[in-house]
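Each remark here refers to the structure printed beneath this line.
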Amino acid sequence: MAVVALYRSTIGKKVIMAVTGFIWVGYVVLHMFGNLKYFVGATSINGWAEFLRTFGQDILGYSGFLWVVRLVLVSAVLLHILMAYQLTQLDWASRPVRYSGRNYLSATFSSRTMRWGGVFILLFLVYHILHMTVGNIHPNYEELKPYHNLVVAFRDPIQVVFYVAAMIVLGLHLYHGVWSMLQTLGVNSFPRNATLHRVAQAIAILVPLGFISLPLAILLGIGVRP
Amino acid sequence: MNLTLKVWRQKNAQDAGRFETYTTSEADPEMSFMEMLDIVNQDIIRKGGDPIAFDHDCREGICGTCGVVINGVPHGGHGTTTCQLYMRHFKDGETITIEPWRARPFPVLKDLIVDRAALDRIIVAGGYISASTGSAPDANGILVPKPDSDAAMNYAVCIGCGACVAACPNGSAMLFTAAKVAHLNLLPQGQPERYTRTANMVAQMDKEGFGGCTNHGECTAVCPAHIDMSAIARLNRDLLAATLKGVA
Ligand code: HEM
Ligand code: FES
């Protein structure tokens with residue numbers, strides 16, 4: 001079957017990485033906007049958490065929609081990692097003898113840290129879910145009270161530093177990843193190249209900035225209301 | 001110019017290989033890199049040694065036969081082939097490291113010469129147009145829009161030197177394959193076999209054991225024909241279309 005042949009090819013594996021990456025980019029952008037509701041106030045961000053659970057509940061039941069999203073995201077990240085692993089094996093096998101020294105002309109720090117950066121993002125993801133969704137490593141977690149959970153968590157500067165670092169790594173992954181995704185999906189062309197690079201750079205800078213603004217604001221006491 | 005060369009020497013495919021050091025004081029800034037190697041070889045021969053084996057043919061940048069990695073960059077990084085690289089790019093007293101293309105599908109035959117038949121097999125898989133021979137067709141029987149012929153020519157200039165593979169951190173042959181596919185897939189004569197060509201050439205590329213493309217762009221940075229990354233986007237697009245059409 002054609003789809004199986006695509007999966008077998010190195011290009012097809014990249015297409016799977018691009019599509020799953022695209023799903024996550026979409027999610028990450030929405031997640032960031034949701035977080036910014038913190039600046040509107042406790043009712044706004046707590047209401048958003050409630051909305052995510054009541055959305056579509058007539059058909060899917062309470063939290064049903066949220067579970068569909070979670071299922072899609074988990075499948076996407078697992079596929080993304082599996083393809084990254086398989087391609088990395090093929091890539092390394094193709095260069096069994098290394099050069100005595102390499103001088104890179106166009107590879108960037110971002111493009112060269114996709115693999116280790118990806119692993120770090122995965123570890124962060126696990127930590128973040130235990131911290132803010134499950135709540136078992138949170139000092140004082142309260143179900144469906146994101147405003148409270150955030151304000152308590154980010155009083156701790158160590159947490160803030162860790163979250164900021166993770167968002168910088170995410171930005172680096174997206175800096176190469178978003179452009180690479182457009183190239184893999186065949187959207188790129190000679191005249192579009194510069195524009196697509198700028199789109200990728202904008203996403204890679206604005207998304208982490210949006211995320212970082214919240215822990216920093218809380219640490220500095222901005223917008224914190226009792 | 002006084003130069004010290006660290007050159008990869010390897011008797012044959014089985015030999016492990018090692019770097020050996022040579023010096024010369026006879027290099028001149030106006031010499032090509034290969035003329036400089038010729039002088040070093042003359043010296044080695046005079047002393048009864050085995051000259052450094054390196055590939056070359058036209059020495060004017062059009063055949064794609066030459067190519068070594070110079071100081072960690074295929075073709076030395078001045079936008080030319082190795083044969084068109086001039087010694088004025090180097091400093092007096094410099095130490096220059098010279099290595100062969102490194103990729104599993106490019107086994108070293110001797111010293112700096114590698115076997116690039118893997119690229120030929122990718123061409124055999126679909127890098128052609130099937131046409132019945134006979135009397136020459138009318139010159140303007142098939143009209144080609146000017147933008148298409150320009151774009152096709154920009155990809156057709158690939159000389160198949162393999163620097164893209166050598167430069168790629170993944171040892172990928174995507175830029176080569178993409179240039180060949182994009183060239184033919186842009187022209188009306190290439191349309192009947194467009195999707196089978198794309199699928200078959202990609203399948204052969206993978207079968208040869210080249211790595212995957214991660215879009216670092218190292219390939220295009222060293223390409224003496226200046227093929228750009230849009231070739232790869234075209235290849236990806238046509239492979240996706242081939243899949244949707246059920247050809248791949
Ligand atoms: C363990 C987790 C992860 C690993 C190991 C990983 C690894 C990789 C690797 C190796 C690539 C290919 C690099 C290249 O083409 O140069 C890649 C691409 C990409 N990643 Fe990740 N990644 C991970 C998580 C994520 C997450 C959470 C997101 C989304 C926020 C993401 C978004 C992307 C995108 C958009 C691409 C571009 C796909 C393409 O080139 O077509 N990745 N990742
Ligand atoms: S020898 Fe022909 S391109 Fe260099």
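A quick note: this is a predicted structure, and the numbers were derived from the prediction, not measured.
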If we only count heavy atoms from C-beta on, is the [X] to [Y] side-chain gap below 4.5 Å?
X: Tyr38(A); Y: Pro146(A); value: no
X: Met174(B); Y: Ile11(A); value: yes
X: Cys66(B); Y: Phe54(B); value: no

Determine, for Asp150(B) against Lys146(B), whether the closest basic-nitrogen to carboxylate-oxygen distance falls under 4.0 angstrom.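 Salt bridge flag = yes for Lys146(B) with Asp150(B).
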Could you tell me which of [options] has the largest number of non-hydrogen atom pairs under 4.5 Å with chain B?
options: Ser100(A), Gly101(A), Pro191(A); answer: Ser100(A)
options: Tyr104(A), Trp179(A), Phe190(A), Tyr99(A); answer: Tyr99(A)
options: Leu90(A), Thr108(A), Val97(A); answer: Val97(A)

Does atom [atom1] ([X]) have a neighbourhood of more than 12 heavy atoms from anything else shown, all under 6.0 Å?
X: Phe19(B); atom1: CZ; value: yes
X: Arg70(A); atom1: CZ; value: yes
X: Tyr127(A); atom1: OH; value: yes

Against chain A, label [X] side chain, backbone, both or neither, depending on which of its atoms sit under 4.5 Å from a heavy atom there.
X: Ala166(B); result: both
X: Arg234(B); result: neither
X: Phe106(B); result: neither
X: Met229(B); result: both
X: Glu218(B); result: both
X: Ala103(B); result: both
X: Cys219(B); result: neither

Using a 4.5 angstrom heavy-atom cutoff, name the option from [options] with the most pairs to chain A.
options: Gly217(B), Ala241(B), Ala231(B); answer: Gly217(B)
options: Ala167(B), Gly17(B), Pro105(B); answer: Ala167(B)
options: Glu208(B), Met205(B), Arg102(B); answer: Arg102(B)
options: Gly77(B), Gly211(B), Gly72(B), Ala221(B); answer: Gly72(B)
options: Pro100(B), Ser172(B), Pro169(B); answer: Pro169(B)

Rounded distance [0.5 Å steps], CD in Gln204(B) versus CG in Asp120(B):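 The CD atom of Gln204(B) sits 11.0 Å away from the CG atom of Asp120(B).
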Return the CH2 to CZ distance between Trp8(B) and Arg18(B), rounded to the nearest 0.5 Å.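 Going from CH2 on Trp8(B) over to CZ on Arg18(B), the span is 8.0 Å.
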Contact part of [X] toward chain B, heavy-atom cut-off under 4.5 Å: side chain, backbone, both or neither?
X: Asn193(A); answer: neither
X: Trp92(A); answer: neither
X: Arg112(A); answer: both

Give the C-alpha distance, both sets of side-chain angles, the deciding distance and a yes or no for ring pair (Phe, Tyr, Trp, His ring centres under 6.0 Å) between His31(A) and Phe211(A). CA-CA 9 Å; His31(A) 184 1; Phe211(A) 276 120; 5.2 Å; yes
Under 3.5 Å donor-acceptor, Arg192(A) side chain and Val187(A) backbone: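 Pair found, side chain donor or acceptor close to backbone of Val187(A).
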